[in-house]
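The structure under discussion appears below in the form of structure tokens.
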Amino acid sequence: MADRYDIAIVGSGPAGISAAINAKIRNKNIIIFGSKNLSAKLYKAPKINNYLGFPEISGEILKKEFEKHLDKMNINITYERINAVYSMGDYFTLMVNEKVYESTALILATGVEYTKSIKGEEEFLGKGVGYCATCDAPLYKGKIVTIIGYNNEGEEDANYVSELASKTYYLPMYKGEYKLKEKIELLNGKPIEIKGNNFVSKLILNNREIETDGIFILKDSVPPGQLVPGLLIENSHIKVNRNMETNIKGCYAAGDCVGRPYQYMKAAGEGQVAALNAVAYIDSLKKL
Ligand SMILES: Cc1cc2nc3c(=O)[nH]c(=O)nc-3n(C[C@H](O)[C@H](O)[C@H](O)COP(=O)(O)OP(=O)(O)OC[C@H]3O[C@@H](n4cnc5c(N)ncnc54)[C@H](O)[C@@H]3O)c2cc1C
């Protein structure tokens with residue numbers, strides 16, 4: 001059986017980190033999932049003028065300050081990408097491929113994806129289009145798979161998929177050095193449309209067409225409605241009340257994923273509100 005944490009936090013941007021710090025201060029057993037760079041939107045910011053106490057700080061330095069704070073509080077980020085979360089009534093299961101984590105309360109702090117979806121992406125979701133290559137790779141054994149990677153984590157997934165697929169294409173949506181196995185064909189160009197009948201059969205790029213059986217689109221974050229089935233979404237954001245409660249009991253959300261304005265201070269403040277309410281929720285269960 002998986003260990004059950006009091007609170008699981010998905011996302012390591014300012015919202016998730018602030019939630020983690022506040023829950024830890026309240027003595028809760030927490031786990032926070034995220035990435036080594038904490039948040040691409042944090043370290044890429046050239047100059048930040050609206051984070052209280054840090055005028056004109058660069059995102060890179062603010063990220064280092066956040067890391068120091070995490071270290072001081074003995075909080076380690078678990079560098080894993082949650083693929084799906086299921087509400088089991090009085091607890092949650094969080095899936096990382098075949099691995100499972102459990103928590104009593106959940107805080108979603110996954111940020112938002114600025115990139116637009118590709119024409120056909122939603123239509124073919126579950127019919128050849130997926131967001132988790134490592135989860136669904138076995139379905140494509142001996143078939144042609146295309147991976148569209150928005151960050152270098154996609155390279156690892158492409159290498160894994162290429163062990164099973166008959167042919168693997170990799171389309172990077174970023175610049176850099178690509179650490180790919182030799183048998184993977186690197187594409188360049190822009191994805192324009194996903195086509196097929198009942199199932200995906202083609203990816204149309206601006207410079208060529210690819211015959212493909214499956215397409216994995218790997219972004220920093222997946223749409224929250226995909227991550228947590230049953231979660232209420234309004235205008236592309238997770239619907240929350242002033243306590244940062246979602247429609248699912250024990251599930252809170254904070255930061256860009258709940259709506260505009262997209263700002264660090266607002267994200268951190270909401271992370272704190274979410275954490276304190278999650279703490280109150282856990283304490284109320286113990287009193288029952
Ligand atoms: C270039 C740039 C400059 C900016 N400048 C400013 C500024 O000057 N001032 C300001 O206030 N705001 C600024 N912003 C906006 C600010 O970056 C965001 O509002 C803020 O980062 C939101 O924080 P967040 O915690 O909600 O999400 P994010 O910072 O986006 O963090 C979310 C994290 O969750 C992780 N994650 C997502 N899904 C999963 C999953 N399934 N499993 C595990 N981890 C997951 C992501 O990888 C990411 O690390 C800027 C943004 C950009 C892009």
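Just follow the structure's listing: the first ligand is 1, and inside any ligand the first atom is 1. For this chain, numbers begin at 1 and follow the sequence in order. The figures here come from the full heavy-atom set of this structure, side chains too, leaving out hydrogens, waters and symmetry mates.
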Select the closest option to [atom] among [options], judged by heavy-atom distance.
atom                    : options             : value
atom 2 (C) of ligand 1  : K36, M95, M265, K41 : K41
atom 5 (N) of ligand 1  : F33, Y79, Y264      : Y264
atom 33 (C) of ligand 1 : S12, S18, S39       : S12

Item to complete: Classify the contact between N50 and ligand 1 as side chain, backbone, both or neither, using a heavy-atom distance cut-off of under 4.0 Å.
Response: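 Within the 4.0 Å criterion, N50 contacts ligand 1 through side-chain atoms alone.
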Worksheet entry | Proximity to ligand 1 by part of S35, non-hydrogen separation under 4.0 Å |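 Only the side chain of S35 comes within reach of ligand 1.
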Out of all atoms in ligand 1, which are within 4.0 Å of some heavy atom of [X]? Include the element for each.
X    : value
A15  : 25 (O), 26 (O)
D220 : 37 (C), 38 (N), 47 (O)
G34  : 44 (N)
G255 : 26 (O)
G111 : 27 (O), 30 (O), 32 (C)
A45  : 3 (C), 4 (C), 5 (N)
L38  : 48 (C), 49 (O)
Y262 : 12 (N), 15 (C), 19 (O)

Practice prompt. Please confirm whether E80 comes under 4.0 Å of ligand 1, counting heavy atoms of the residue only.
Written response: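 Judged by the 4.0 Å heavy-atom criterion, E80 does count as contacting ligand 1.
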Worksheet item: With a 4.0 Å cut-off on heavy atoms, is N37 touching ligand 1?
Response: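 Per 4.0 Å heavy-atom rule, N37 does not contact ligand 1.
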Is a salt bridge present between [X] and [Y], judged by a nitrogen-to-oxygen distance below 4.0 Å?
X    : Y    : answer
E80  : K99  : yes
D283 : K28  : yes
K195 : E121 : no
K179 : E155 : no
K63  : E60  : no

Looking only at N/O atoms, are [X] and ligand 1 under 3.5 Å apart anywhere?
X    : answer
I82  : yes
A40  : no
V112 : no
Q263 : yes

Considering only non-hydrogen protein atoms, determine which one is nearest to [atom] and report residue, atom name and distance to 0.1 Å.
atom                    : value
atom 18 (C) of ligand 1 : D256 OD2, 3.3 Å
atom 35 (C) of ligand 1 : G11 CA, 3.8 Å
atom 39 (C) of ligand 1 : R81 NH1, 3.7 Å
atom 37 (C) of ligand 1 : T110 O, 3.3 Å
atom 31 (O) of ligand 1 : G13 CA, 3.4 Å
atom 23 (O) of ligand 1 : P14 CD, 3.4 Å
atom 40 (C) of ligand 1 : V10 CG1, 3.6 Å

Item to complete: Report the residue from I75, I32, N29 that forms a side chain to side chain contact (heavy atoms under 4.5 Å, CB included) with K24.
Response: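 For K24, the side chain to side chain contact (heavy atoms under 4.5 Å, CB included) test succeeds with only one of I75, I32, N29, which is I75.
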Item to complete: Applying ring pair (Phe, Tyr, Trp, His ring centres under 6.0 Å), name anything that partners Y169, two or more places apart in sequence or on another chain.
Response: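 By the ring pair (Phe, Tyr, Trp, His ring centres under 6.0 Å) rule, Y169 matches no residue at all.
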Worksheet item: After noting the C-alpha distance and the side-chain angles of T146 and T212, does the key distance pass the side chain to side chain donor-acceptor pair (under 3.5 Å) rule?
Response: CA-CA 7 Å; T146 305; T212 188; 2.9 Å; yes
Fill in: E113 atom CD, neighbour heavy-atom count above 12 within 6.0 Å
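Above 12, so yes.
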Item to complete: Could you pull out the closest heavy-atom pair between S18 and G271, with the gap in Å?
Response: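 Nearest pair, atom of S18 first, then G271: OG-C, 4.0 Å.
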Worksheet entry | Plane angle bin for Y5 and Y101 - parallel if under 30°, tilted between 30 and 60°, otherwise perpendicular |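 Tilted, since the angle between the ring planes falls between 30° and 60°.
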Item to complete: If the plane angle is over 60° it's perpendicular, under 30° parallel, otherwise tilted; pick one for Y51 and F54.
Response: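 Tilted.
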Worksheet item: Given the rule in the side chain to side chain donor-acceptor pair (under 3.5 Å) test, do N207 and N188 qualify, once you have shown the distances and angles that lead to the verdict?
Response: CA-CA 8 Å; N207 49 11; N188 58 46; 3.3 Å; yes
Fill in: Among Y150, Y170, F124, Y140, ring-ring contact (aromatic ring centres under 6.0 Å, His included) partner for F216
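The option that passes is Y140.
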Worksheet entry | Ring centroid separation Y43 to F66 under 6.0 Å |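 Here the rings of F66 and Y43 have centres that are no less than 6.0 Å from each other.
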